[in-house]
Amino acid sequence: MSYWLMKSEPETFGIDHLDKLPNKITPWDGVRNYQARNYLKSMKKGDQAFFYHSSCKIPGITGIVEVVREAYPEKNQLGTPSWFCVDVKLIQKFSHIITLTDLRKMHDLDDMVILRKGNRLSVTPVDIKEWKVISRLLAQ
DNA sequence: GCCAACGTTGGC
DNA sequence: GCCAACGTTGGC
């Protein structure tokens with residue numbers, strides 16, 4: 001089982017949008033970066049991911065989703081499909097956001113992809129140790 | 001294949 | 001709104 005972090009802009013599609021869907025499942029589409037796409041394609045059913053709000057007032061992790069359908073081509077592509085999506089289901093919506101500032105304070109997370117300078121990938125792998133450190137924050 | 005120009009992301 | 005960082009495009 002692998003762990004991931006997936007970014008979304010809350011004004012476009014935030015965790016509240018997902019929470020309001022009847023089955024709380026959404027295709028994670030619109031990824032237009034080859035590296036991020038390759039990560040999408042390597043996701044397995046049951047993998048979990050942090051739902052991250054970006055480009056907003058308080059960026060940070062707002063919840064946890066789980067992959068319920070592995071990568072399949074996005075609709076409405078001509079010819080050989082280039083872009084793929086997975087379906088994710090909301091597992092947990094946090095009562096409080098874990099802000100980017102919070103994450104930067106945790107030195108166990110210094111190597112986390114999302115915290116590295118210049119990182120812009122919308123889908124990134126999360127190390128199991130990093131996942132646990134962040135989960136521990138939640139338990140507090 | 002190189003690289004300049006341009007576009008996008010995303011924190012601040 | 002600014003700007004650093006990165007990706008993509010396209011001429012050569």
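Residue numbers begin at 1 in each chain, while the letters A, B, ... track the order of the sequences.
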Atom-pair distance (CD1 on Ile97(A); C1' on dG11(B)), nearest Å: 13 Å

Met6(A) CE to dG10(B) P, straight-line distance once rounded to whole Å: 13 Å

Atom pair distance, as rounded to whole Å: CG in Leu121(A) and P in dA5(C): 16 Å

Value in whole Å for how far the P atom of dA5(C) lies from CD1 of Ile114(A): 16 Å

Name of the residue among Tyr39(A), Phe51(A), Trp28(A), Phe50(A) meeting ring-ring contact (aromatic ring centres under 6.0 Å, His included) with Trp4(A): Tyr39(A)

For atom OH of Tyr34(A) and atom C1' of dT9(B), their distance in whole Å: 18 Å

Pairs: protein N or O with nucleotides 6-8 of chain B N or O, under 3.5 Å:
| residue | atom | partner | partner atom | Å |
| --- | --- | --- | --- | --- |
| dT8(B) | O2 | Arg120(A) | NH1 | 2.4 |

Asn119(A) CG - dT9(B) C1' separation (whole Å): 10 Å

Electrostatic pair Glu74(A)-Arg37(A), nearest N-O below 4.0 angstrom: no

N/O (side chain, Lys117(A)) to phosphate O (OP1/OP2, dA4(C)) under 4.0 Å: no

Partners meeting side chain to side chain donor-acceptor pair (under 3.5 Å) with Lys129(A) (sequence neighbours left out): none

Phosphate OP1/OP2 of dG10(B): any Lys7(A) side-chain N/O under 4.0 Å: yes

Validation row: Val65(A), Leu90(A) side chains within 4.5 angstrom (heavy atoms): yes

Contacts of type ring-ring contact (aromatic ring centres under 6.0 Å, His included), residue Tyr72(A), not counting sequence neighbours: none

Whole-Å distance separating the CD1 atom of Ile58(A) from the P atom of dG10(B): 18 Å

Distance, rounded to the nearest Å, where Glu11(A) contributes CD and dG11(B) contributes P: 13 Å

Ile58(A) side, atom CD1; Ile97(A) side, atom CD1 - distance, nearest 0.5 Å: 6.5 Å

